[in-house]
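Notes follow the structure.
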Amino acid sequence: MISKITKVVHMFLDNYISEDTIAIDATVGNGNDTLYLSEKCKFVYGFDVQKLAIENTKEKILKDNIKLVLDGHQNMDKYVSESIDVVVFNLGYLPKGDKNLITKKDTTIIAIEKSMDLLNKGGAIFISAYYGHDGGLEEKNAVEEHISNLDDKKFAVAKYALLNRPNNPPILYIIEKTK
Ligand SMILES: C[S@@+](CC[C@H](N)C(=O)[O-])C[C@H]1O[C@@H](n2cnc3c(N)ncnc32)[C@H](O)[C@@H]1O
């Protein structure tokens, strides 16, 4: 249970979501988080730059409480004009997808900043960083440094890491808006 980061994210997420929640899945991929959010929340916006990810996810989700956008999460404010409660990021590449289409530090940080602006007080951003690939470590370090410096009067920032696993196990960061 504690070694499967997707499960850990859902465990934490459950404390932040209800049937009134507006959510963003910032990296739709195979749609696993989108599906989870769509089942439990009022509405979900999903972003991905891969057409395949958007199409596969559309087929997977049977409810009509989602808007899937084929665009980068760094542009989320063009599509989301309401305030939101949770945002989920999975940094890295899509398993079995195009390994060149990885998330990148600059756009990821823009998207995190925009998420923080859209977030309601008491809401949270979940960032799972998979970083074993080229550029992954650089992105993870840039994100960690950036969020470590957020104003502690407005945000609580936490890190969850597996300590005895080889091969760069993913790290989870959580940002909660406290004010
Ligand atoms: C680790 S995968 C996501 C896995 C997904 N959460 C799932 O359940 O399958 C990362 C995804 O981010 C997408 N991506 C890369 N750059 C992006 C960007 N700027 N905006 C949105 N998605 C992006 C990739 O296409 C890939 O599908």
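What you see below is based on every heavy atom in this structure, not just the backbone, and it leaves out hydrogens, waters and symmetry mates.
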Please give me the minimum heavy-atom distance between [X] and [Y], naming the atom from each residue.
| X | Y | answer |
| --- | --- | --- |
| Gly92 | Glu139 | N-OE1, 4.4 Å |
| Ala53 | Asp48 | CB-CG, 3.7 Å |
| Asp71 | Val49 | C-CG1, 4.0 Å |
| Phe89 | His73 | CE2-ND1, 3.9 Å |
| Ser128 | Val9 | OG-CG2, 3.5 Å |
| Thr34 | Val44 | CG2-CG1, 4.2 Å |

Interatomic spacing from [atom1] in [X] to [atom2] in [Y] - rounded to 0.5 Å:
| X | Y | atom1 | atom2 | result |
| --- | --- | --- | --- | --- |
| Leu172 | Ile127 | CG | CD1 | 8.5 Å |
| Asp25 | Ile66 | CG | CD1 | 10.0 Å |
| Leu37 | Ile22 | CG | CD1 | 11.5 Å |
| Phe126 | Leu13 | CZ | CG | 4.5 Å |
| Met11 | Ile5 | CE | CD1 | 10.5 Å |
| Leu119 | Ile175 | CG | CD1 | 9.0 Å |

Any donor-acceptor pair under 3.5 Å from [X] side chain to [Y] backbone:
| X | Y | result |
| --- | --- | --- |
| Tyr160 | Ile2 | yes |
| Ser83 | Leu118 | no |
| Lys177 | Met116 | yes |
| Lys114 | Gln74 | yes |
| Thr27 | Asn90 | yes |

Derivation and outcome, side chain to side chain contact (heavy atoms under 4.5 Å, CB included), residues Asp33 and His10: CA-CA 9 Å; Asp33 290 324; His10 293 174; 3.0 Å; yes
Tell me whether [X] shares a hydrophobic cluster with [Y], the cluster being built from Ile, Leu, Val, Met, Phe, Trp, Tyr side chains joined at under 4.5 Å.
| X | Y | result |
| --- | --- | --- |
| Val157 | Val87 | yes |
| Ile112 | Ile171 | yes |
| Leu94 | Tyr131 | no |
| Leu162 | Tyr130 | yes |
| Met76 | Phe43 | yes |

Heavy atoms of other groups near [X] [atom1], more than 12 under 6.0 Å:
| X | atom1 | result |
| --- | --- | --- |
| Glu19 | CD | no |
| Lys63 | NZ | yes |
| Asp134 | CG | no |
| Asp151 | CG | yes |

Audit row: Val80, Phe47, side chain to side chain contact (heavy atoms under 4.5 Å, CB included) steps and yes/no: CA-CA 11 Å; Val80 184; Phe47 293 88; 4.1 Å; yes
Any side-chain heavy-atom pair of Glu113 and His146 under 4.5 Å: yes
Side chain to side chain contact (heavy atoms under 4.5 Å, CB included) evaluation trace for Glu82 with Tyr45: CA-CA 11 Å; Glu82 59 187 325; Tyr45 296 89; 2.5 Å; yes
Option among Asn65, Thr21, Ile84 that satisfies the side chain to side chain contact (heavy atoms under 4.5 Å, CB included) test with Cys41: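 The side chain to side chain contact (heavy atoms under 4.5 Å, CB included) with Cys41 is passed solely by Thr21 among Asn65, Thr21, Ile84.
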Modelled atom types, side-chain donor and acceptor of Lys60 and Asn32, under 3.5 Å: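 Asn32 and Lys60 do have a side-chain donor-acceptor pair below 3.5 Å.
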Selection residues 90-121 - residue pairs positive for ring pair (Phe, Tyr, Trp, His ring centres under 6.0 Å), sequence neighbours left out: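 Residue pairs with at least one partner in residues 90-121: Tyr93-His133.
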